[in-house]
Peer 1: 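My questions all concern the structure below.
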Amino acid sequence: MAKELKELTPRSVSYSQWYQDLVIKADLAENSAVRGCMVIKPYGYAIWEKMQRYLDDMFKETGHVNAYFPLFIPKSFLSKEADHVEGFAKECAVVTHYRLKNSPDGSGVVVDPDAKLEEELIVRPTSETIIWNTYKNWIQSYRDLPIMCNQWANVVRWEMRTRLFLRTAEFLWQEGHTAHATQEEAVAEARQMLDVYAKFAEEFMAVPVHKGVKSESERFAGAVDTYTIEAMMQDGKALQSGTSHFLGQNFAKAFDVTFASKEGTRDYVWATSWGVSTRLMGALIMTHSDDNGLVLPPKLAPFQVVIVPIYRNDEQLAQINEKVAGIVTKLKALGVSVKYDNADNKKPGWKFSEYELKGVPVRMAMGGRDLENNTVEVARRDTLTKETISCDNIENYIKGLLDEIQANIYKKAYDFREETTQKVETYAEFKEKIEEGGFILAHWDGTAETEALIKEETKATIRCIPLEGDKTSGVCMVTGKPSAQRVLFARAY
RNA sequence: CGGGGUGUAGCGCAGUUGGUAGCGUGCGUCGUUCGGGACGACGAGGUCGCAAGUUCGAAUCUUGUCACCCCGACCA
């Protein structure tokens with residue numbers, strides 16, 4: 001298996017296939033019987049669960065609570081916000097009937113034509129409409145605000161072409177939906193959640209991201225402003241990894257959600273929504289993986305350490321079992337998750353390769369020599385280096401090593417991103433450099449026409465207008481018109 | 001929806017001019033092994049995507065059909 005993987009490197013033209021192979025071989029997910037839908041396997045789901053837990057904690061810390069809204073949305077709800085329906089109509093699954101019956105010719109079941117729904121139900125592509133229809137009943141006074149709900153859910157978007165984790169017909173995500181009395185508060189909330197996402201990406205996933213604002217053409221359907229975090233993959237393509245939207249009063253107006261203000265006026269509510277999905281799994285895989293397989297950050301690995309015994313007979317295995325048990329206990333006491341794999345149906349070499357493929361951050365191997373010397377062999381997944389370490393105080397060494405690996409893979413990804421980011425002054429230069437992949441920082445006149453032209457001619461899009469970094473003005477590389485600041489271009493997933 | 005490709009054992013594949021269904025891996029049992037994907041022996045595992053046609057005979061030829069994959073178009 002590893003050999004097949006080695007034939008394709010992360011920078012090759014068949015990156016997409018290399019990626020999909022890796023997802024399957026590392027046991028993260030597989031295609032299902034339903035077109036475009038994905039089965040997330042236990043190992044992959046364990047990573048997602050960790051992501052969920054950390055994100056959920058961060059949401060709670062910033063004052064949010066969880067709730068759950070229905071999977072089905074009446075068709076009429078979706079059409080209330082004009083831009084919103086425009087953006088999602090083309091990819092919605094629709095429920096038209098509520099019953100099956102045995103087919104008259106006995107060949108199975110058919111949809112019962114008598115069970116046609118009066119109003120069709122849409123399988124949610126996102127929940128703004130059903131939630132705002134609900135919030136309307138929750139909000140009367142400024143005293144009811146803010147409402148800060150999040151839901152963990154699945155959504156369905158009937159995409160033409162799908163890719164495991166990056167774009168699937170059904171995906172898991174969280175969506176936060178908040179309602180506020182003032183514009184300032186709503187904008188601050190949208191910005192705050194963008195910061196939460198960026199922090200999560202960088203500190204937990206070890207994925208460096210650019211925070212920024214989307215241009216009008218890339219904005220969420222129904223939003224006033226869309227904030228985004230953009231990451232760079234190893235093949236030079238960008239990945240939108242999370243979004244936070246300032247929705248203005250668009251949904252409040254569409255669903256007639258008003259409140260009595262302190263001053264006695266009747267005002268429309270200000271809104272935000274924000275979400276990250278299982279697409280983050282794709283970002284994680286494509287940012288860190290190498291030719292040997294996955295590389296997982298210690299904070300998200302289902303288990304951080306795997307211990308492999310190397311033995312000649314049952315007696316030796318028993319000695320190793322005992323020795324390892326002591327180490328496992330000490331590691332667990334420090335909060336390190338460990339798997340001891342003493343299964344006897346696989347050889348050590350096989351296990352080494354397998355756990356590399358699965359991205360386990362640290363591998364420890366203990367054999368006869370180690371028993372004699374009171375040592376253990378420690379191998380790092382990020383650097384693929386090995387060293388022999390004394391068992392005394394090994395738990396603290398490992399604990400420190402995990403932190404070092406977490407920091408190192410972030411730095412590696414950060415350096416890669418910086419090396420592949422270029423500043424460009426002319427459009428001719430842009431057309432040349434965009435072929436190399438990576439981000440390009442260039443001036444743009446702010447018009448949708450120029451943006452569309454660039455996309456048409458180079459397939460590159462404006463990933464975002466960065467919130468941080470160089471803010472000096474200049475002139476548009478295409479039209480020569482004034483530009484307030486450089487914007488971030490790339491080809492994207 | 002356009003262009004290309006693939007459907008044969010759990011997985012990955014071969015199958016020439018139409019003539020007994022194969023290989024690798026995995027799986028089961030036994031033995032030797034075990035510091036980077038071990039080896040030997042024996043064994044189990046098949047509606048060749050589906051349907052029709054040509055033929056004495058079809059995995060192979062013809063027609064139809066279905067599914068999946070890749071490249072585009074599309075995509076908070």
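Numbers restart at 1 for each chain; the letters A, B, ... are given by sequence-line order, proteins then strands. Predicted, not measured: the structure shown is a model, and the values here were computed from it. Computed over heavy atoms, backbone and side chain alike; hydrogens, waters and symmetry mates excluded.
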Peer 1: Where each residue is assigned the nucleotide of RNA chain B containing its nearest heavy atom, which of A:Y311 and A:V276 is assigned the position nearer the 5′ end?
Peer 2: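 Looking at the nearest nucleotide for each, A:Y311 comes out on the 5' side.
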Peer 1: Send over the distance from A:R163 CZ to B:C69 P, rounded to a whole Å.
Peer 2: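 Atom CZ in A:R163 sits about 12 Å away from atom P in B:C69.
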Peer 1: Heavy atoms only, 4.0 Å cut-off, all strands: where does A:D370 land among base, sugar-phosphate and nothing?
Peer 2: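 Result for A:D370 = base.
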Peer 1: Sort out the partner of B:A41 for me: Watson-Crick or G-U wobble, both distances under 3.5 Å, none otherwise.
Peer 2: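 B:U29 - that is the nucleotide pairing with B:A41, both distances being under 3.5 Å.
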Peer 1: Work out how far the P atom of B:U62 is from that of B:U16, and round it to whole angstrom.
Peer 2: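 Rounded to whole Å, the distance is 13 Å.
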Peer 1: For A:N342 and A:Y311, does a side-chain donor sit closer than 3.5 Å to a side-chain acceptor?
Peer 2: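 The criterion, which ignores hydrogens and geometry beyond distance, is not satisfied for A:Y311 and A:N342.
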Peer 1: Which whole number of Å gives the distance between the C1' atom of B:G35 and that of B:A67?
Peer 2: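 It works out to 47 Å between them.
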Peer 1: A side-chain contact here means heavy atoms from C-beta on lying under 4.5 Å apart; do A:W270 and A:E185 qualify?
Peer 2: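 A side-chain contact under 4.5 Å is absent here.
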Peer 1: Could you state the CG-P distance from A:D314 to B:G31, rounded to the nearest angstrom?
Peer 2: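 Distance, rounded to whole Å: 12 Å.
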Peer 1: Would one find more than 12 heavy atoms of other residues, nucleotides or ligands at under 6.0 Å from atom CH2 of A:W152?
Peer 2: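 Enclosed: over 12 neighbouring heavy atoms sit under 6.0 Å from CH2 of A:W152.
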Peer 1: Return the nucleotide paired to B:G36: Watson-Crick means purine N1 to pyrimidine N3 with N6-O4 or O6-N4, wobble means G-U with N1-O2 and O6-N3, both under 3.5 Å.
Peer 2: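 Checking every strand shown, B:G36 finds no partner, since no pair has both distances under 3.5 Å.
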Peer 1: I need the CE-P distance between A:M160 and B:C69, as an integer number of Å.
Peer 2: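 From A:M160 CE to B:C69 P: 16 Å.
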Peer 1: Among the candidates B:A76, B:G36, B:G37, find the nucleotide nearest to the side-chain atoms of A:S277.
Peer 2: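 Of the candidates, B:A76 comes closest.
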Peer 1: Tell me the interatomic distance from A:K90, atom NZ, to B:A76, atom C1', rounded to whole angstroms.
Peer 2: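 So the two atoms are 13 Å apart, to the nearest Å.
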Peer 1: Can you find a donor-acceptor pair, distance only, under 3.5 Å between A:K386 side chain and B:G36 base?
Peer 2: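 Side chain to base: pair found, below 3.5 Å.
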Peer 1: What is the base-pairing partner of B:C11, counting Watson-Crick and G-U wobble geometry with both distances under 3.5 Å?
Peer 2: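 Pairing partner, where one exists within any strand: B:G24.
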Peer 1: Identify whether any heavy atom of A:R369 sits under 4.0 Å from a base atom; if not, whether one sits that close to sugar-phosphate; answer base, sugar-phosphate or nothing.
Peer 2: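 Base: the residue A:R369, judged by heavy atoms under 4.0 Å, touches a nucleobase.
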Peer 1: Do A:R463 and A:T461 get their side chains close enough for a donor-acceptor pair, meaning under 3.5 Å?
Peer 2: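 Yes, A:T461 and A:R463 have a side-chain donor paired with an acceptor closer than 3.5 Å.
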Peer 1: Between B:U6 atom C1' and A:Q20 atom CD, what is the distance in whole Å?
Peer 2: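 It works out to 16 Å between those atoms.
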Peer 1: Checking A:Q192 against A:E189: is there a side-chain donor and acceptor pair closer than 3.5 Å?
Peer 2: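 Yes.
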Peer 1: Between B:G24 and B:C74, how far apart are the two C1' atoms, rounded to whole Å?
Peer 2: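 Their C1' atoms lie roughly 40 Å apart.
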Peer 1: Assess whether atom NZ of A:K199 is packed by more than 12 heavy atoms of other residues, nucleotides or ligands within 6.0 Å.
Peer 2: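 No.
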Peer 1: Determine whether the side chains of A:K323 and A:N374 contain a donor N or O and an acceptor N or O closer than 3.5 Å.
Peer 2: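 Yes, a side-chain donor-acceptor pair sits under 3.5 Å.
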Peer 1: Of the listed nucleotides (B:C34, B:A73, B:C75), which one gets closest to any side-chain atom of A:E159?
Peer 2: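 Minimum distance to the A:E159 side chain belongs to B:C75.
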Peer 1: Using the C1' atom as the reference point in each nucleotide, state the distance between B:A14 and B:G31 in Å, no decimals.
Peer 2: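 The answer is 32 Å between these two C1' atoms.
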Peer 1: Can you tell which of B:C70, B:C34, B:G35 lies closest to the side chain of A:R312?
Peer 2: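 Closest nucleotide to the A:R312 side chain: B:C34.
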Peer 1: Provide the distance between the two C1' atoms, one in B:C13 and one in B:C1, to the nearest whole Å.
Peer 2: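 B:C13 and B:C1 have their C1' atoms separated by 32 Å.
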Peer 1: Given that both distances must come in under 3.5 Å, which nucleotide forms a Watson-Crick or G-U wobble pair with B:G64?
Peer 2: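 When the pairing criteria are applied, B:C50 turns out to be the nucleotide that pairs with B:G64.
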Peer 1: Report the distance from atom NZ of A:K346 to atom C1' of B:G35, rounded to the nearest whole Å.
Peer 2: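 To the nearest whole Å, that distance equals 19 Å.
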Peer 1: Could you tell me which nucleotide pairs with B:U17 by Watson-Crick or G-U wobble geometry, both distances under 3.5 Å, or answer none if nothing does?
Peer 2: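 B:U17 is unpaired by these criteria.
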Peer 1: Any strand counts, and the cut-off is 3.5 Å on both contacts for Watson-Crick or G-U wobble. Which nucleotide pairs with B:C74?
Peer 2: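 None - no nucleotide pairs with B:C74, as no candidate has both distances under 3.5 Å.
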Peer 1: Can you confirm whether the side chains of A:Y493 and A:D235 place a donor and an acceptor under 3.5 Å from each other?
Peer 2: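 Yes - a donor-acceptor pair under 3.5 Å links their side chains.
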Peer 1: Taking the side chain of A:K347 as heavy atoms from C-beta outward, which of B:G36, B:A38, B:A76 is closest to it?
Peer 2: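 Of the options given, the side chain of A:K347 lies nearest B:A38.
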Peer 1: Between B:A76, B:G36, B:G37, spot the one nearest the side chain of A:W173, thanks.
Peer 2: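 Between B:A76, B:G36, B:G37, the one nearest the side chain of A:W173 would be B:A76.
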Peer 1: Give a yes/no answer on whether the side chain of A:Q240 brings an N or O atom under 4.0 Å of OP1 or OP2 in B:C75.
Peer 2: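 No, outside the criterion.
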Peer 1: Any idea which of B:C34, B:C75, B:A73 is nearest the A:R167 side chain?
Peer 2: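 Of the candidates, B:C75 comes closest.
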Peer 1: Take atom P in B:C61 and the same atom in B:U17, then report the distance between them in whole Å.
Peer 2: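 It comes out at 10 Å once rounded to the nearest Å.
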Peer 1: Go through the N and O atoms of the side chain of A:R157 and the base of B:A76, and report whether any donor-acceptor pair is under 3.5 Å.
Peer 2: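 Checked by distance alone, the answer is yes.
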Peer 1: For A:G275 and A:A365, take the nucleotide of RNA chain B holding the closest heavy atom to each; which residue's nucleotide lies nearer the 5' end?
Peer 2: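 Its nucleotide being nearer the 5' end, the pick is A:A365.
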Peer 1: Find the distance A:I24:CD1 to B:G10:P and express it as a whole number of Å.
Peer 2: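 From A:I24 CD1 to B:G10 P: 18 Å.
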Peer 1: Applying a 4.0 Å non-hydrogen cut-off, can you work out what A:G368 is touching in the nucleic acid: base, sugar-phosphate, or nothing?
Peer 2: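 Contact class for A:G368: base.
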Peer 1: Would the base of B:G36 count as contacting A:R363 through its side chain, where contact means a donor and an acceptor less than 3.5 Å apart?
Peer 2: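 Looking at the base of B:G36, it does pair with a donor or acceptor on the side chain of A:R363 (distance under 3.5 Å).
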Peer 1: Among B:C69, B:C75, B:G37, which is the nearest nucleotide to the side chain of A:E354?
Peer 2: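 Closest of the options to the side chain of A:E354: B:G37.
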Peer 1: What's the CD-P distance between A:E81 and B:A76, to the nearest Å?
Peer 2: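 In whole Å, B:A76 P and A:E81 CD are 15 Å from each other.
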Peer 1: When the P atoms of B:G15 and B:U33 are considered, how many whole Å apart are they?
Peer 2: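 Straight-line distance between the two P atoms is 41 Å.
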Peer 1: Would you mind telling me which of B:G37, B:A76, B:G35 lies closest to the side-chain atoms of A:F171?
Peer 2: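 When the side chain of A:F171 is considered, B:A76 is the closest of B:G37, B:A76, B:G35.
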Peer 1: Using the C1' atoms only, state how far B:G36 lies from B:C42, rounded to an integer number of Å.
Peer 2: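 Taking atom C1' in both B:C42 and B:G36, they lie 30 Å apart.
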